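In what follows, a structure is listed as structure tokens, so that the remarks can point back to it.
Predicted model, so just to flag it, every value in this text is computed and none were measured.
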Amino acid sequence: MKESTMAKRYDYMDWLRVLAIFTVVGVHVVSKIINTGDASEWEWQLANWIDSALRWCVPVFFMLSGALLLNLKREDPIGEFLKRRLTKVIIPLLFWSGVYIAYKVFEQGESFTAWEMVVLFLTDDVYYHLWFMYVIIGLYIMAPFLKILVKNMDQKTFLYFLGIWFFFSGILPFVQKMYGFEPALVAGLFQPYIGYFLLGAYLVRYPLPKKAIWPLLGLSFIAYLATVYGTHNLTVKNGELDEFYYEHYRPTQIVISIFIFALFQHLGPRIKPNPLITQLSLATLGIYVIHPLVQFYLNKFFGINETMVNPIVGVPVVWVLIFTISFLIVWTLKKVPGAKHIIP
């Protein structure tokens, strides 16, 4: 691959990464309405329409990581690779787990023994959004071995692998949901996020043709409507929020994620480097870990939340504010000596 092509690829990945983290913030804004409202209310339905359009953000993050790590030509010793990658995640995870435990103690009135804090950390229960960091750690551990797999698979074999992943992660869960029993045949290697990790590597090696974009757009629109109506209908049926269609590994979300990734690939030649986008891209994981605190304190100190006035105004205003403030905090902290170790 020519150097110029590689440069364009990284440009579009920066833009896509920034859009994905902006979308993550949006999910957590509208989720406040969805988790506390009633499906019969127009506010809940509006939030559902918005949320259903945003769930591709996390899969795309995993696809971007796989696209970069699994296609690296540089061959690092496994120990060196793991040390470099895991240090960048584990140290921030330890620090921010401590921050969110402190938040639970001082803001939510909870109390923990030292052992309970350890259990919270080991069981991924410190705070709702930190699960992402644990998945990243697992993917980094697997990356050197998955890279060997990617390197030695031809396109046909790769497609077989992704097809089996789609079956186990995307289709099989519907059996349990529809018929009320859990199939015994569950293949661990085809866990959802490993599949997205490999899917990103595949799309960089074998980009979809331009003519596939419009059909993918059509399928994505159908998938979006299925998410909207599926979530509404299951929630009404069960009498409480049912996030089955929101899950990142449903066929609907897989289709939309592929479309978004492929669209940015084809826009790549038109996307130029941008200093602000580069800075935002470097701050994405920092924005991810800190934005729930920004969301909480905006509401606590200023009464700024997603339902102020009404969601039509509140959602976009709070969304942009949380994102902007989170970035400015991360950007500022990165300038503090030694802070780079705790700001991912």
Which of these passes ring-ring contact (aromatic ring centres under 6.0 Å, His included) with H248: W131, F62, F132? W131

Determine whether more than 12 heavy atoms belonging to other residues, nucleotides or ligands lie under 6.0 Å from atom NZ of K151. no

Report yes or no: do F327 and V336 belong to one cluster of Ile/Leu/Val/Met/Phe/Trp/Tyr joined by side chain heavy-atom distances under 4.5 Å? no

Mark yes when over 12 heavy atoms from residues, nucleotides or ligands other than K334 sit less than 6.0 Å from its NZ; otherwise mark no. yes

Pair listing, side chain to side chain donor-acceptor pair (under 3.5 Å) test, anchored in residues 301-316, at least two apart: N299-N305, N305-T307

So does I34 get a backbone contact from the side chain of W44, meaning a donor-acceptor N/O pair under 3.5 Å? yes

Can you tell me which residue among L19, L282, V18 is in a side chain to side chain contact (heavy atoms under 4.5 Å, CB included) with I277? V18

Looking only at side chains, do Y246 and N48 share a donor and an acceptor under 3.5 Å apart? yes

Can you tell me how the ring of F158 sits relative to the ring of Y206, calling it parallel under 30°, perpendicular over 60° and tilted otherwise? perpendicular

Going only through I, L, V, M, F, W and Y residues with side-chain contacts under 4.5 Å, is there a path from F302 to L328? yes

What closest approach, in Å, do A39 and H232 show between heavy atoms, and which atom pair accounts for it? O-NE2, 3.7 Å

When you compare the side chain of H341 with that of T87, does any pair of heavy atoms fall below 4.5 Å? no

I325-L280 co-clustered via ILVMFWY side chain contacts under 4.5 Å: yes

What residue pairs, at least two apart or across chains, pass side chain to side chain donor-acceptor pair (under 3.5 Å) with a residue in residues 318-333? none

Between D51 (side chain) and A47 (backbone), is there a donor-acceptor pair under 3.5 Å? no

Please name the pair of heavy atoms, one in I33 and one in E43, separated by the smallest distance, quoted to 0.1 Å. CG2-O, 3.6 Å

Is there a side-chain contact between Q253 and T227 in this structure, where contact means two heavy atoms from C-beta onward sitting under 4.5 Å apart? yes

Shared hydrophobic cluster for I222 and L208 (ILVMFWY, side-chain gaps under 4.5 Å): no

Nearest heavy-atom contact between M13 and V204 is CE-CG2, 3.8 Å

Is NZ or CZ of R250 both nearer than 6.0 Å to the six-membered ring centre of F244 and within 45° of the ring axis? yes

Please give me the minimum heavy-atom distance between V126 and S97, naming the atom from each residue. CG1-O, 3.4 Å

Any chance the side chains of H291 and H28 put a donor and an acceptor closer than 3.5 Å? yes

Measuring only between side-chain heavy atoms, which start at C-beta, is L94 closer than 4.5 Å to F121? yes

With a 4.5 Å heavy-atom cut-off, do F166 and L162 have their side chains touching? no

Kindly work out whether a path of hydrophobic side-chain contacts (I/L/V/M/F/W/Y, heavy atoms less than 4.5 Å apart) joins L293 to V105. yes

Salt bridge K104-D125, side-chain N to carboxylate O under 4.0 Å: no

Would you say the rings of W165 and Y196 are close, in the sense that their centroids are separated by under 6.0 Å? yes

Roughly how far, to the nearest 0.5 Å, is OG of S111 from CE of M117? 9.0 Å

Sidechain-backbone polar pair: T284 side chain, S281 backbone, donor-acceptor under 3.5 Å: yes

Locate the shortest heavy-atom distance separating Y140 from F81; write the atom from each residue and the value. O-CE2, 3.5 Å

Hey, are the side chains of W214 and L219 touching, using non-hydrogen atoms and a 4.5 Å cut-off? no

Within a strict 4.5 Å, meaning less than it, do heavy atoms of the Y193 and P59 side chains meet? no

Can a donor-acceptor pair be found, under 3.5 Å and without considering hydrogens, that links the side chain of Y288 to the backbone of H129? yes

Can you tell me if E116 uses its side chain to pair, donor with acceptor, with the backbone of T113 under 3.5 Å? yes

Using modelled atom types only, decide if a donor and an acceptor are shared between the side chain of T231 and the backbone of E243 within a distance under 3.5 Å. no

Taking side-chain contact (heavy atoms from CB on, under 4.5 Å) as the test, write out the residues that go with K300, two or more places apart. E107, F296, Y297

Please examine the side chains of L82 and P144, heavy atoms only from C-beta on, and report whether any two atoms are closer than 4.5 Å. yes

Closest heavy-atom pair and its distance - A67, G200: CB-O, 3.5 Å

Is there side-chain contact between I342 and P92, with at least one heavy-atom pair below 4.5 Å? no

When the ring planes of Y127 and Y100 are compared, do they come out parallel, tilted or perpendicular, using 30° and 60° as the limits? parallel

